[in-house]
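Shown next, in structure tokens, is the structure this report addresses.
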Amino acid sequence: MAEIKAFGAMRFTPKAGKLSELVCPPYDIISEEERKGYLARNPHNLIRLELPREGSDPYAQAGSTLQEWLDNGLLACDNAPTLYIYQEEFTVLGQRKTVKGLCCLVKLVPFSEGVVLPHEETLSKAKADRFNLMCATGCNFSSVYSLYFDEDRRIADPLDAFSSGNPAVTFTTDDGIIHRVWEITDPAAIADLAASFADKKLYIADGHHRYETGLNYRNHMAEQGGDPNHGSDYLMMTLVAMEEPGLVVMPIHRLVRGLESFDAEAILKSCEEYFDVTLTSGDVQPSLDTFAAQGKTAFALYLGGRKSAVLALRDASTMKAFLPDKSEGYQGLDVAVLHILVLERLMGIDKENMANQINLSYTRDAEEAMAAVDAGEANCAVIMNPTKVSEIAQVAGAGEKMPQKSTYFYPKLITGHLMNKIL
């Protein structure tokens, strides 16, 4: 099953500045304005390598900058093979939480082997970008976030013991999240933890594009006839137990844009065939929370002017007719029901349209979604409940992939505190 190993992480040295000014969120949630802001604060921020924009060939420039930082002592690799315990402490919905994971290298295997399992579809454009960057730098700068089952706490208990003392690294980012890193260098302890993962499956929570890029890069290096021990067989991951109490999955809301023939009244009338439709001018979240607690599929269409329609699927077996080849877990997903019964069937937004985000875009901010409708920038917004961690595991375990943008794990893993220098 999963094969993990320790590594000497590439890290910033004090010469580069404060670590809190050198790290950044994952590349795919950073706007150009935010990217410039990170660099204005510290020109050595990792975003210069992770999301390069400088020069006529930004990827080549990233490779040159990386080598320059290594030569100048701004970056250095740890000498001893190490497993890193990484913890984030944060506040969400008024509650203080922590989530703890193990940062290590994981042997790359095709999804078909059933060891590392995806749960979302990916985009070819994003994979090409990450592949070009990896070829130019020989690094993966940000960790793939994966989950595993640990019901007997065979891994959690040792990790708690190793992280009971003072961390080797502590820093706080501008969003108030506290980041801590502990190091495990004892060979026997490393071997024990590696053995504990030998029967585990890993479920990708965040980083599908990065994992598929890792596979492509490994195959590319093999085709070049290089040293088989060059390191491209492994990718950096942070592994978190499904049972971790601090795991938080946030909803990703949908914005429907640019439909010239959009007719809200007709759509709601058609929805009555499969949904119980409740019109409201109030906050829809209490209703959505209630349906979620009852295990029912529900979401809300915001139509503007504080008017919404809460749609609750009347019969869970409805989806069997539309998705006969999918598992029961997939058929019950809120996003699957929305995409098949409403977006595709009633609004004519097919899968290719969704993938290219022609008439559909996404946001984590419900207020932002509703404001876009009120401003006339969108036909309607779909306010979603979050996907459950158990649903992610069920769908991935069945070898299926959810629609794009089905999950948002909060908080994201920070990028730049630990990096993997492959070459």
Side-chain angles (χ1 to χ4, degrees), residues 2-14 16 18-20 22-26 46 49-50 75-90 98-108 116 139-148 150 154-173 177-197 200 202 204-207 210-211 214 231 233-241 244 246-247 409 411-422:
E3 181 182 332
I4 75 164
K5 73 173 184 177
F7 70 114
M10 183 174 70
R11 300 201 259 185
F12 282 107
T13 69
K18 295 181 180 179
L19 190 53
S20 61
L22 298 167
V23 296
C24 61
L46 196 275
L49 304 181
E50 175 72 339
L75 290 169
C77 295
D78 291 346
N79 292 321
T82 305
L83 294 177
Y84 302 88
I85 300 174
Y86 172 53
Q87 182 193 67
E88 292 177 296
E89 181 179 340
F90 56 98
T98 62
V99 64
K100 183 187 295 180
L102 183 70
C103 184
C104 58
L105 296 187
V106 174
K107 181 72 174 292
L108 284 160
V116 178
C139 289
N140 64 284
F141 297 114
S142 58
S143 182
V144 173
Y145 188 167
S146 294
L147 305 173
Y148 62 93
D150 187 34
R154 185 155 44 105
I155 296 168
D157 286 341
L159 293 188
D160 284 348
F162 282 114
S163 58
S164 61
N166 292 329
V169 176
T170 303
F171 62 96
T172 303
T173 41
I177 298 174
I178 301 173
H179 307 262
R180 302 182 180 97
V181 178
W182 291 264
E183 302 166 359
I184 304 173
T185 56
D186 176 62
I190 290 172
D192 287 344
L193 281 167
S196 295
F197 276 98
K200 301 294 184 186
L202 305 179
I204 297 178
D206 192 15
R210 279 164 274 166
Y211 188 84
D233 278 345
Y234 291 82
L235 195 70
M236 184 174 64
M237 283 195 186
T238 297
L239 311 178
V240 176
E244 181 73 16
L247 271 180
F409 282 83
K412 293 282 190 177
L413 303 179
I414 204 69
T415 293
H417 67 307
L418 298 167
M419 295 163 275
N420 178 31
K421 186 77 171 71
I422 301 170

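Index from 1, following the sequence.
- In this structure, Asp150 has no side-chain hydrogen bond (donor to acceptor under 3.5 Å, both in side chains) partners at least two apart in sequence or on a different chain.
- Residues meeting the side-chain contact (heavy atoms from CB on, under 4.5 Å) test with Pro81, sequence neighbours left out: Ala6.
- Residues Cys104 and Lys5 fail the side-chain proximity criterion, which asks for heavy atoms closer than 4.5 Å.
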Does the pair Thr173 and His179 meet the rule for a side chain to side chain donor-acceptor pair (under 3.5 Å), with working shown? CA-CA 8 Å; Thr173 41; His179 307 262; 2.9 Å; yes

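- Scored by the side-chain contact (heavy atoms from CB on, under 4.5 Å) test, Ser196 finds Arg154, Ile155 as partners (sequence neighbours excluded).
- Asp186 is linked by a salt bridge (Lys or Arg N to Asp or Glu O under 4.0 Å) to nothing, counting only residues two or more places apart in sequence or in another chain.
- Ring to ring, His417 and Tyr86 are close: their centroids are under 6.0 angstrom apart.
- Remark: Tyr234 pairs with no residue by the ring-ring contact (aromatic ring centres under 6.0 Å, His included) rule, at least two apart or across chains.
- Not a single ring-ring contact (aromatic ring centres under 6.0 Å, His included) links Phe162 to another residue, sequence neighbours left out.
- Residues that satisfy the salt bridge (Lys or Arg N to Asp or Glu O under 4.0 Å) test with Lys412, not counting sequence neighbours, are Asp206.
- Side-chain contact check for Ile422 versus Asn140: some heavy-atom pair is nearer than 4.5 Å.
- In this view, Glu244 satisfies the side-chain hydrogen bond (donor to acceptor under 3.5 Å, both in side chains) rule with no residue, not counting sequence neighbours.
- Across all non-hydrogen atoms, the minimal contact from Leu235 to Tyr211 is CD2-CA, 3.7 Å.
- Partners of Ser143 under the side-chain hydrogen bond (donor to acceptor under 3.5 Å, both in side chains) rule, at least two apart in sequence or in another chain, are Thr238.
- When the side-chain contact (heavy atoms from CB on, under 4.5 Å) test is applied to Asp78, the partners found at least two apart in sequence or on another chain are Ala9, Arg11, Tyr84.
- Residues that satisfy the side-chain hydrogen bond (donor to acceptor under 3.5 Å, both in side chains) test with Thr82, not counting sequence neighbours, are absent from this structure.
- Partners of Thr13 by side-chain contact (heavy atoms from CB on, under 4.5 Å), not counting sequence neighbours, listed by chain and number: Lys15, Ala76.
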